[in-house]
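Nothing here was measured: the structure is a model prediction, and the numbers come from that model. We name chains A, B, ... by the order of the sequence lines, and we start the count at 1 in each one.
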Number of protein chains: 2
Amino acid sequence: MFTLAEENYLKTIFHLEHDSMCEVTTNAIAESIETKPSSVTDMVQKLAEKKMLTYKRYKGVQLTEEGKKVAAGVVRKHRLWEVFLVEKLHFHWDEVHEIAEQLEHIQSEELITRLDQFLGSPDFDPHGDPIPDKHGVLKRTEKKLLSEIEKNEQGVCVGVKESSPEFLQYLDKKKISIGTKISVLGKEFFDGSMIIQVGTEQFFISIKIAENLYVQTS
Amino acid sequence: MFTLAEENYLKTIFHLEHDSMCEVTTNAIAESIETKPSSVTDMVQKLAEKKMLTYKRYKGVQLTEEGKKVAAGVVRKHRLWEVFLVEKLHFHWDEVHEIAEQLEHIQSEELITRLDQFLGSPDFDPHGDPIPDKHGVLKRTEKKLLSEIEKNEQGVCVGVKESSPEFLQYLDKKKISIGTKISVLGKEFFDGSMIIQVGTEQFFISIKIAENLYVQTS
DNA sequence: AATTATTTTTAGGTTTAACTAAAAATATAA
DNA sequence: TTATATTTTTAGTTAAACCTAAAAATAATT
Ligand SMILES: [Mn+2]
Ligand SMILES: [Mn+2]
Ligand SMILES: [Mn+2]
Ligand SMILES: [Mn+2]
């Protein structure tokens, strides 16, 4: 099996590959995982020996099929636990990530099988992120960033890119959650800021907000 | 906070103190935790510096009040998770200990508060062991070992001393679980073996069984 | 009381996963 | 193209938690 540190590296590389759609650099991993590049080099060499990823010096890494499977397993556990915390223990969506970071490393196939059943085999976590199935397959849904929406268009919030407590609390304050309808009333060329309508309220948001909210346009 | 290893040592010493009712030796800890006595000495010196226990060379250790509190916290988490696994995920009572060994180390006050509520603040775990309250207080219930019961007396099974899968599966086979009424029909002086009645069945048990079953005599 | 046996500790070593500092490779700019 | 900047790797340390082997303390026998 894999150590806690190994699992964290695989998961992080998995996320970075999804974001950048190409090889992942040492520095990118170091920043995500909040460690030093030299530590990343060490671990990446270890994971390459274990055939979890391919690694060429100075050229970044790429997960193997096996590596992707292991990583998806960790992501699956993380997101299922987040659902449990919100649905069953009534945590708020900005409180669960930290705890799920620990729970994702509990080793027991049977536990996850039963947890999944107990939760009714959910497809998405509380932040709108898809939950990989038991084989590590992630079903892709089409969603755009709110920042990609044009003036006078509208969409339904289906997820967040960032899931820091700060951002989620901002969304709460603005009454935005998964399922909320958002209309773009105005969009500023210069800085990408927008005027949007949520329910009966209309207000200004910066590009930083718009770039971290996923919406689905029907 | 405490590391996983530190928590395991504190928990183990807590259990040993309860069993032996006096100072706990290095070898006893080593055996329980499946490690070498020299490793125990190292850790015990560290925990003494942290004021979790008192330690005099060659004289064994004793938990401080603070040490007992921390240990009871780990036991509380362990047992609450066991209840969750059995009551909510429908695990069998012989399958939960291993998983709870991992879950007991998840760090989050709030999580345990909510888990406890979710489970209806149970007083006992699936093996009949009492769950410490949030202040680390264990309410003592009077129970005897089945081996202490005399011929023609009877009792209700309220817990197990051992909780290895092998023993629990033996009990299942014999239809003994928490709440089961057991009558002692015969008792052999020489080896402590017994003939007992469970439901309509009567059968022979060795002292090893009788010494690991807790019963309450009304 | 002296010898032997057991328990416990110390000393020194290993592994994992970090770190710092310096060297090497690659990328960017002049 | 050469010089400079950035990224990445290597080399050498550190800390936690384990180990083995040997020494020291305590307990049990003769
Ligand atoms: Mn993690
Ligand atoms: Mn999430
Ligand atoms: Mn443990
Ligand atoms: Mn138990």
Side-chain angles (χ1 to χ4, degrees), chain A residues 1-14 16-17 19-20 22-63 67 70-71 74 101-102 104-107, chain B residues 1-14 16-17 19-20 22-63 67 70-71 74 101-102 104-107:
Chain A
M1 286 309 122
F2 295 90
T3 66
L4 188 143
E6 287 168 343
E7 285 193 347
N8 279 340
Y9 273 88
L10 290 173
K11 186 189 67 168
T12 299
I13 295 165
F14 183 79
L16 290 171
E17 277 187 359
D19 291 355
S20 65
C22 61
E23 7 54 77
V24 173
T25 69
T26 300
N27 264 9
I29 299 169
E31 191 170 338
S32 275
I33 234 167
E34 292 184 286
T35 185
K36 302 289 161 174
S38 56
S39 306
V40 173
T41 301
D42 279 354
M43 180 58 90
V44 140
Q45 288 171 347
K46 198 170 101 184
L47 290 171
E49 271 175 28
K50 288 196 173 189
K51 306 268 191 256
M52 289 300 111
L53 45 80
T54 57
Y55 163 69
K56 280 217 201 88
R57 281 158 74 229
Y58 296 100
K59 294 295 176 191
V61 301
Q62 211 169 346
L63 291 179
V70 174
V74 178
E101 279 296 310
Q102 298 178 61
E104 73 189 4
H105 301 292
I106 302 293
Q107 309 273 19
Chain B
M1 284 305 124
F2 296 89
T3 66
L4 188 145
E6 288 169 342
E7 285 193 346
N8 279 338
Y9 273 87
L10 291 173
K11 186 189 67 169
T12 299
I13 295 165
F14 183 80
L16 290 171
E17 276 187 358
D19 289 357
S20 65
C22 62
E23 7 52 81
V24 173
T25 69
T26 300
N27 264 8
I29 299 169
E31 191 170 339
S32 276
I33 233 167
E34 292 185 282
T35 186
K36 302 289 160 173
S38 56
S39 304
V40 173
T41 302
D42 279 353
M43 180 58 90
V44 139
Q45 287 172 347
K46 199 170 101 183
L47 290 170
E49 269 174 31
K50 288 196 173 189
K51 307 267 191 255
M52 290 300 110
L53 45 80
T54 57
Y55 164 70
K56 280 217 200 87
R57 280 158 75 230
Y58 297 98
K59 294 294 176 192
V61 301
Q62 213 170 344
L63 291 178
V70 174
V74 178
E101 279 297 310
Q102 299 178 60
E104 73 189 4
H105 301 292
I106 302 292
Q107 309 273 22

Under-4.0 Å side-chain N/O to phosphate OP1/OP2 contact, Tyr9(B) with dC18(D): yes

For nucleotides 12-15 of chain D, tabulate all protein N/O to nucleotide N/O atom pairs closer than 3.5 Å, reporting atom names and distance.
none

Once you round to the nearest 0.5 Å, how far does CE of Met52(A) lie from CD of Glu6(A)? 9.0 Å

For nucleotides 21-28 of chain D, list the nitrogen or oxygen atoms of the protein found under 3.5 Å from its nitrogen or oxygen atoms, one pair per line.
residue	atom	partner	partner atom	Å
dA25(D)	O4'	Tyr58(B)	OH	3.2

Quick check for you: to the nearest 0.5 Å, what is the distance between Glu104(B) atom CD and Gln102(B) atom CD? 9.5 Å

Could you say whether Glu6(A) or Thr41(B) is positioned toward the 5' end of DNA chain C, judged by the nucleotide with the nearest heavy atom to each? Thr41(B)

Write down the distance between CG (Leu4(B)) and P (dT16(C)), rounded to a whole number of angstrom. 17 Å

In whole angstroms, the gap separating P of dT7(C) from NZ of Lys56(B) amounts to 22 Å

Round to a whole Å and report the spacing from CE of Met43(A) to C1' of dC19(C). 14 Å

Can you tell me how far C1' of dA16(D) sits from CD of Glu49(B), to the nearest Å? 14 Å

Atom NZ of Lys36(A) and atom P of dA21(C) are separated, to the nearest Å, by 10 Å

Within this structure, what is the OG1-CE distance for the pair Thr26(B) and Met43(B), rounded to the nearest 0.5 Å? 13.5 Å

Rounded to the nearest 0.5 Å, what separates atom NZ in Lys11(A) from atom CD1 in Ile33(A)? 8.5 Å

What residues, two or more places apart in sequence or in another chain, satisfy side chain to side chain contact (heavy atoms under 4.5 Å, CB included) together with Asp19(B)? none

With heavy atoms under 4.0 Å as the rule, sort Ser39(B) into base, sugar-phosphate or nothing. base

Between dC18(D) (P) and Gln45(B) (CD): distance, integer Å: 14 Å

Which of the following nucleotides, dT9(D), dC19(D), dT20(C), is nearest to the side chain of Thr26(A)? dT9(D)

Test applied, side chain to side chain contact (heavy atoms under 4.5 Å, CB included); reference residue, Ser32(A); option that passes from Leu16(A), Asn27(A), Ile13(A): Leu16(A)

Rounded to the nearest 0.5 Å, what separates atom NE2 in His105(A) from atom CG in Asn8(A)? 3.5 Å

Measuring from Tyr9(B):OH to Thr3(B):OG1, what's the distance to the nearest 0.5 Å? 10.0 Å

Whole-Å distance between dC19(C) P and Glu34(A) CD? 11 Å

What I'd like to find out is whether the side chain of Ile106(B) reaches to under 4.5 Å of the side chain of Ile106(A), using heavy atoms alone. yes

Looking at dA18(C), dT7(C), dA16(D), which one has an atom nearest to any side-chain atom of Asn27(B)? dT7(C)

